[in-house]
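Please read the structure below before turning to the comments.
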Amino acid sequence: MFMFEKAVVGSRRYWAWVLGLLVIMGLAFLAYLRQLSVGLVMTGLSRDVTWGLYIAQFTFLVGVAASAVMVVLPYYLHDFKAFGRITILGEFLAISAVTMSMLFIFVDMGQPMRVFNVILYATPSSMMFWDMVSLGGYLGLNAIIALVTLGAERKRMAPPRWVRPLIILSIPWAVSIHTITAFLYNGLPGRSFWLTAILAPRFLASAFAAGPALLILLCLGLRRLTSFDAGREPVRKLAVIVTYAMLLNVFFILLELFTALYSQIPEHVEHFEYLYLGLHGQAPLVPWMWTSSVLAVASLVVLLVPPLRRRESWLAVTCAMVFASLWIDKGLGLIVGGFVPSPLGAVTSYVPSVPEVLIVLGIWALGFLMVTVFYKIALSVREEVAAS
Amino acid sequence: MSFSRRAFLGAAGLSALGLTGKAAIDAFALQPPHEPASTPAGTRWAMVIDPKKCLEAGDCTACLDACHRTHNVPAIDNRAHEVKWIWKESFEHAFPSLQTDYPPDALRDKPVMVLCNHCDNPPCVRVCPTQATWKRSDGIVMMDWHRCIGCRYCVAACPYGSRSFNWSDPRPSIAQITPDFPTRSKGVVEKCTFCEERIARDEPPACVAACHAKALVFGNLNDPESDVRSLLRSHFTLRRKPELGTRPAIYYIV
Amino acid sequence: MRDRHAIIAALIVFFVVLTFPIWYARAAGTTSRGPEPKLPETEKTCVMPVEYMRASHMKLLLTWRDDVVRRNVRTWIAPDGKSYKASLSGTCLRCHANKAEFCDRCHTYAGVTPYCWECHVDPASIKGSGT
């Protein structure tokens, strides 16, 4: 089914990697069973910081998923041939990232058994409903597109004509998933940190930097570990995309900082104060946020100098820095920072608990497993076609 | 393991049932709700709080004790996980936009009673993905604990911190369970319901009934002769964070 | 047939696993007898005919639940015209006062754990309460 047979043959190293991921997933599953039985009291969340790592990972990963558009768009709309070999990688990455983000929502629920209430009592006034619609649709679109194009490639045929409209549709759809994810936070009257129209553009910019950065790392990794070589050209083009997106992202953050710091409206300033300096003696995120800033600036220096950016070893390190910087910014700061101080002025810090972190790692492990299996299938098909 | 067989079957079965499940449940309604609601049409419930009268009573906690006892609200020591329907909040935190460096002694570091504002335009209702919380025609922002999925979107949306989440099973933290009101299960959000179950019996909310100082006054905002309206006519009152456009139904006499 | 021993051993294991429910039921002492819920002695009729209640009491409860919580309708009028207060602990448990011998017997037999009782309180379970 779906060429799955390709995923069950592999080297010893492949199996060790898969087994390692499965072990982490198993431990995470045990932690989740515990959460099911005792409740979310097991996490580091509190009445003031009601969303934490889970929802932050969800937000970050929706961005990674949306970023597939950065290879799909140039290839299908601008006929940019160099991305022909990696669009499938982008689509499979999107499928994995959407699945992960949905799981992160699920593990954050207090009553997961009632998850279908969202469909049963569909509520169009809630952004969460639209997020479910857009994420589900995006998952479906990418699953169909990836399987059909890969299946066609295997038969050495052009993909059927009917899939092209779906591909075109997936482009605005990718933008929509991250826009609606931003809207989740955007329209809440008491949360001034998120009450900014630039949140969605900022989400998109950081997504279009983090996703392609991850894709570059995956391409470079595949070249080392497998016989697949994406080629120099697509990696370089991706690096250009990362450069622009990262620049925009940093620009948008600076715009946010200016608005808050120059207006000096306390409820706008305090969130940034908490994140970058600490508030009321509490500063757990300060080292993280400065690390993120330093990584962002350092990576931009490399990215903005073409001779440095073209060295693949430098590029790999830089992409890791971009990814880490944005993960901290979005996967820690953006969500938690919006909750501190609370609308009643309480400064409550949030430190995730060990089982909470374990569950997060488990979902990441599942994501890596999905990417591994999908890429294995895709590359095996390619090898098979090349050999015959 | 509390992930019971029923829950598992529920989760597995619902995916198969899909949308037909709702049709099946709806179709069952034996009797359409034909009875008039206990609240007369055109009612808009509201409350006027007089913090001065409250402060004169000193360390009185009669209203919150009565509320929390009536509704089986757990007493959780850990501030991170506490559940509360009505509580004392410092004036500065309840009214952050009214901060002054020189507050009158009567208000400096003094608490005011805060509870769900039963807003006319409630952000929590707007964001709820399952209509587990909604605004009734009489203005009460109601909760259906059977339907809440525990996503805590409403907690994020409420600008007043009026919503509490059950981080764990609340029952062990309830000293004496009042049997004619349910407790809640872990994983759902709860808050003040303006004692809608008491209003249905023509009784005032438990906090109002318990307040000896008559600092809490409850009534119909749409009735010009009601106590709340006469207080609003004769006093200058504040609502919390009016700039957010939520239009709270809790008024504070200054 | 060098594998004969292995095949026979595997067959035995397979057979034991296949018949496990039988041995388990034997060991646990369960019987095939149906549940015997204890009916209240004071009342002869329920809010609906017994056949209906037996099969569909949960649906009636769901209707009551939505009437009270979502529609603010607290009285339920039965098809025979009698009206009842729509309340699990107030109406149902007033007659079926012994939850353990009524509700639980069937639920245990059927292997269901209704989550009603995670929140709704069996008045009899509260020590020293007036109700």
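In what follows, chains are A, B, ... by sequence order, proteins preceding strands, each numbered from 1. All figures in this text were calculated on a predicted structure; none of them were measured in a lab. Note that these values count all heavy atoms, side chains included, but never hydrogens, waters or copies made by symmetry.
Neither the backbone nor the side chain of Glu92(B) comes within contact range of chain A; no heavy atom of the residue lies under 4.5 Å from a heavy atom of that chain. Looking at Phe106(A), neither its backbone nor its side chain comes within 4.5 Å of chain B, counting heavy atoms on both sides. Residue Ile105(A) does not touch chain B at all, counting heavy-atom pairs closer than 4.5 Å. If you measure heavy-atom distances from Tyr153(B) to chain A, the contacts under 4.5 Å come from both the backbone and the side chain. Looking at Ala346(A), only its side chain comes within 4.5 Å of chain B, counting heavy atoms on both sides. Residue Arg163(B) touches chain A through its backbone alone, counting heavy-atom pairs closer than 4.5 Å. If you measure heavy-atom distances from Phe95(B) to chain A, you find no contacts under 4.5 Å at all. Using a 4.5 Å cut-off between heavy atoms, Trp134(B) does not touch chain A at all. Heavy atoms closer than 4.5 Å to chain A are found in both the backbone and the side chain of Gln131(B). With a 4.5 angstrom heavy-atom cutoff, Thr50(A) touches chain B via backbone and side-chain atoms both.
Ranked by heavy-atom pairs under 4.5 Å with chain B, the first of Gly190(A), Gly345(A), Pro189(A) is Pro189(A). Per-residue counts of heavy-atom pairs under 4.5 Å with chain A were compared for His146(B), Glu243(B), Arg240(B); the largest is that of His146(B). The candidate from Ile55(A), Val115(A), Val118(A) with the greatest count of non-hydrogen atom pairs under 4.5 Å with chain B is Val118(A). Here Cys148(B) is the residue among Gly161(B), Pro123(B), Cys148(B) with the most heavy-atom pairs under 4.5 Å with chain A.
When side chains are defined from C-beta on, Asp108(A) counts as touching Arg152(B), because their heavy atoms get closer than 4.5 Å. A 4.5 Å side-chain heavy-atom check between Arg114(A) and Val188(B) finds at least one atom pair inside the cut-off. Contact annotation: the side chain of Pro343(A) approaches that of Lys241(B) to within less than 4.5 Å [non-hydrogen atoms, C-beta and beyond]. In this structure, Leu45(A) and Phe165(B) have side chains that are not in contact, with every pair of non-hydrogen atoms separated by 4.5 Å or more.
Of the inter-residue distances, the one linking Leu120(A) atom CG with Ile149(B) atom CD1 reads 11.5 Å to the nearest 0.5 angstrom. With rounding to the nearest 0.5 angstrom, the SG atom of Cys124(B) is 11.0 Å from the CG atom of Leu188(A).
A donor-acceptor contact shorter than 3.5 Å links the side chain of Ser125(A) to the backbone of Arg126(B).
The two atoms that bring Ser164(B) and Arg47(A) nearest to each other are OG-NH1, 3.0 Å, heavy atoms only. In terms of heavy atoms, Ser46(A) sits closest to Trp167(B) at O-CZ2, 3.2 Å. Nearest approach of Arg79(B) to Thr348(A), heavy atoms of both residues: NH2-OG1, 3.4 Å. Gln111(A) and Gly187(B) make their closest contact through CG-O, 3.4 Å (heavy atoms, listed as atom of the first residue, atom of the second, distance). Annotation for Thr130(B) and Tyr121(A): closest pair O-CB, 3.6 Å, computed over non-hydrogen atoms.
The environment of CH2 in Trp288(A) is sparse: at most 12 heavy-atom neighbours from other residues, nucleotides or ligands sit within 6.0 Å. Other residues, nucleotides and ligands contribute at most 12 non-hydrogen atoms within 6.0 Å of the CZ atom of Phe29(A).
Looking at Cys151(B), Pro129(B), Cys128(B) one by one, the single match for side chain to side chain contact (heavy atoms under 4.5 Å, CB included) with Ser126(A) turns out to be Pro129(B).
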